[in-house]
Enquirer: 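After the structure tokens below, expect a handful of questions from me.
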There are 2 protein chains.
Amino acid sequence: MIDVEKTKSEIVEIAREIFAKFGFKKTTMDEIAKAIKKAKSSLYYYFQSKEEVFQAVIEQEADLLREKIEKAMSQEDTPQGKLRAYVITRMKALRQLANFYSALKDEYLENFKFIEKFRRKYDEEEIQTISKILSDGVKRGVFNVKDVEMTALAILIALKGFESWIFQGNIRWSEKDIDNLLDVLFYGIVKK
Amino acid sequence: MIDVEKTKSEIVEIAREIFAKFGFKKTTMDEIAKAIKKAKSSLYYYFQSKEEVFQAVIEQEADLLREKIEKAMSQEDTPQGKLRAYVITRMKALRQLANFYSALKDEYLENFKFIEKFRRKYDEEEIQTISKILSDGVKRGVFNVKDVEMTALAILIALKGFESWIFQGNIRWSEKDIDNLLDVLFYGIVKK
DNA sequence: TTTTCGACCGAAAAAACAAACTGGTCAAAA
DNA sequence: TTTTGACCAGTTTGTTTTTTCGGTCGAAAA
């Protein structure tokens, strides 16, 4: 009982690599099992299905991202700083996760309920994070936002737009570019 | 010679409907031909290939969109008004073109050079349009934009983000919502 | 001279079918 | 408690055969 968790995380760790390389569909349970030198059926002692393994991998990856963002944000003090940290950390991390992320997104099997479900959940989470930054800024009197939730959603959507633009390999954004864009978000384009 | 153009546009019109319904791949030249009560080989008197027919359809569709946007923008006077007209007209039109647009995008044959080429060309065109609005605003002293091209690109990317969000059917944006977002773009979120 | 058409071609896609694979179960072994 | 090989049923894959489809061409309409 004591090392069930240990074996589980061992499985997840290996599975993460293989999934990242081949995607969900082309990864077989047998591969994963052999990689940890067990029989395929052993995996089913720890996980109920292939989906559940994948879910665990995704969850772990999300935890990591969450952690990074949390840390970067906590080092900032102003709402502007936090928002900037959020955007930049998110972009950098996602760039690193590119191969894994594409295995998730690109895989021609988007029509998996659990992936859709996870994405929805994580989207919601991100909106909450952004909303919190925004309403905190409003509370502190530095932001002026009419509809916090809607604006947070808009920011997220825009971020996702940039994201997919990056994955298409269309352009490389430097940190300076991003700062430029954040300037637009912060101060708008209308001259004061 | 006189009604060559007439027949051509007749073909394009019919082809547009069929392409919109079945996408590029699943539409056959025979179908198109039969729909205008001609033999397949007759089509090749007017167009050199299936691709060329498709290209003509897309070009026509783009012309229509261009026209709509042009008209809406010309009715506005201020740079803000023009940008707003641009964004709203674009979104509305794209929503109407949804079925056709999805045939273009969704079709699992993105790997067609000419589609990619067209998209690149149209992207470039849109960036130029937005850039023009922005630099005009700067010239008139109402906008304050550091890097016009980059900002234009950013706006376009954000728009595309919203676009795909819409096509995913995730949300319906009211005109009021869009105005809210434009407010962010115009004035930023930082309190003055 | 301009336009339409049926016959035809080669490459590509669909259909059909057998063989191999894979997610998942289970009773037994360790 | 944990691991395992044998096993099953539904897919996927590899292969062969058939059909479809984009495109050409020479001849018939007009």
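Just so it is clear, the model here is predicted, and its values are computed rather than measured. Within every chain, numbering begins at 1; the chains are lettered A, B, ... in the order of the sequence lines, protein sequences first and strands thereafter. All values below come from the heavy atoms of this structure, side chains included, with hydrogens, waters and symmetry mates left out.
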Enquirer: My understanding is that only residues two or more places apart in sequence, or in another chain, count here; which of them pass side chain to side chain contact (heavy atoms under 4.5 Å, CB included) with Ser174(A)?
Expert: Lys176(A), Asp177(A)
Enquirer: Go through the structure and list residues passing side chain to side chain contact (heavy atoms under 4.5 Å, CB included) with Glu59(A), not counting sequence neighbours.
Expert: Gln55(A), Phe118(A), Lys121(A)
Enquirer: Could you tell me the separation between the CG atom of Asp30(A) and the P atom of dT11(D), rounded to a whole number of Å?
Expert: 20 Å
Enquirer: Do any N or O atoms of the protein come closer than 3.5 Å to N or O atoms of nucleotides 26-30 of chain D, and which pairs are they?
Expert:
none

Enquirer: Between atom NZ in Lys25(A) and atom P in dG23(C), what is the gap in whole Å?
Expert: 10 Å
Enquirer: What do you reckon, is CD of Glu52(A) surrounded by more than 12 foreign heavy atoms closer than 6.0 Å?
Expert: yes
Enquirer: With sequence neighbours left out, write down each residue that passes side-chain hydrogen bond (donor to acceptor under 3.5 Å, both in side chains) with Lys117(A), or none if nothing qualifies.
Expert: none
Enquirer: Please report the end-to-end axis angle for the helix from dT1(C)-dA30(D) to dA30(C)-dT1(D), five pairs per end, rounded to 10 degrees.
Expert: 30°
Enquirer: Is the number of heavy atoms from other residues, nucleotides or ligands under 6.0 Å of Glu125(A) CD greater than 12?
Expert: yes
Enquirer: Could you give the CG-to-P distance, from Leu43(A) to dT3(D), as a whole number of Å?
Expert: 10 Å
Enquirer: Is the number of heavy atoms from other residues, nucleotides or ligands under 6.0 Å of Glu70(B) CD greater than 12?
Expert: no
Enquirer: Could you give the NZ-to-C1' distance, from Lys37(B) to dC5(C), as a whole number of Å?
Expert: 17 Å
Enquirer: Looking at every strand, decide which applies to Thr28(A) at a 4.0 Å heavy-atom threshold: base, sugar-phosphate, or nothing.
Expert: sugar-phosphate
Enquirer: Of the options dT3(C), dC5(C), dT2(D), whose atoms approach the side-chain atoms of Ser42(B) most closely?
Expert: dC5(C)
Enquirer: Any ring-ring contact (aromatic ring centres under 6.0 Å, His included) involving residues 172-192 of chain A? Give me the pairs, sequence neighbours left out, ordered by first then second residue.
Expert: Phe162(A)-Trp173(A)
Enquirer: My understanding is that only residues two or more places apart in sequence, or in another chain, count here; which of them pass side-chain hydrogen bond (donor to acceptor under 3.5 Å, both in side chains) with Tyr86(B)?
Expert: Glu126(B)
Enquirer: Apply side-chain hydrogen bond (donor to acceptor under 3.5 Å, both in side chains) to Lys8(B) and list each qualifying residue two or more places apart in sequence or on a separate chain.
Expert: none
Enquirer: What integer distance in Å separates Tyr46(B):OH from dG23(D):P?
Expert: 18 Å
Enquirer: Looking for any heavy atom pair under 4.0 Å, which part of the strands does Phe47(A) touch: base, sugar-phosphate only, or nothing?
Expert: nothing
Enquirer: Can you name the side chain to side chain contact (heavy atoms under 4.5 Å, CB included) partners of Gln60(B), sequence neighbours left out?
Expert: Val12(B), Arg16(B)
Enquirer: Using whole Å, report how far CZ of Phe24(A) lies from P of dT12(D).
Expert: 12 Å
Enquirer: Side-chain polar contacts of residues 30-37 of chain A - donor-acceptor pairs under 3.5 angstrom, sequence neighbours left out - could you list them?
Expert:
unit_1, atom_1, unit_2, atom_2, d
Asp30(A), OD2, Lys34(A), NZ, 3.2
Glu31(A), OE1, Thr28(A), N, 3.0

Enquirer: Rounded to whole Å, how long is the line connecting atom NZ of Lys26(B) with atom P of dT20(D)?
Expert: 15 Å
Enquirer: Can you list everything that forms a side-chain hydrogen bond (donor to acceptor under 3.5 Å, both in side chains) with Glu51(B)? Sequence neighbours excluded, please.
Expert: none
Enquirer: Of the listed nucleotides (dT2(D), dC5(C), dT4(D)), which one gets closest to any side-chain atom of Lys38(B)?
Expert: dC5(C)
Enquirer: To the nearest angstrom, how far is Tyr45(A) atom OH from dA29(C) atom P?
Expert: 18 Å
Enquirer: Please list, for nucleotides 24-28 of chain C, all pairs of protein and nucleotide N/O atoms separated by less than 3.5 Å.
Expert:
unit_1, atom_1, unit_2, atom_2, d
dG24(C), OP2, Tyr44(A), OH, 3.0
dG24(C), OP2, Lys50(A), N, 2.7
dG24(C), N7, Lys40(A), NZ, 3.3
dG24(C), O6, Lys40(A), NZ, 2.8

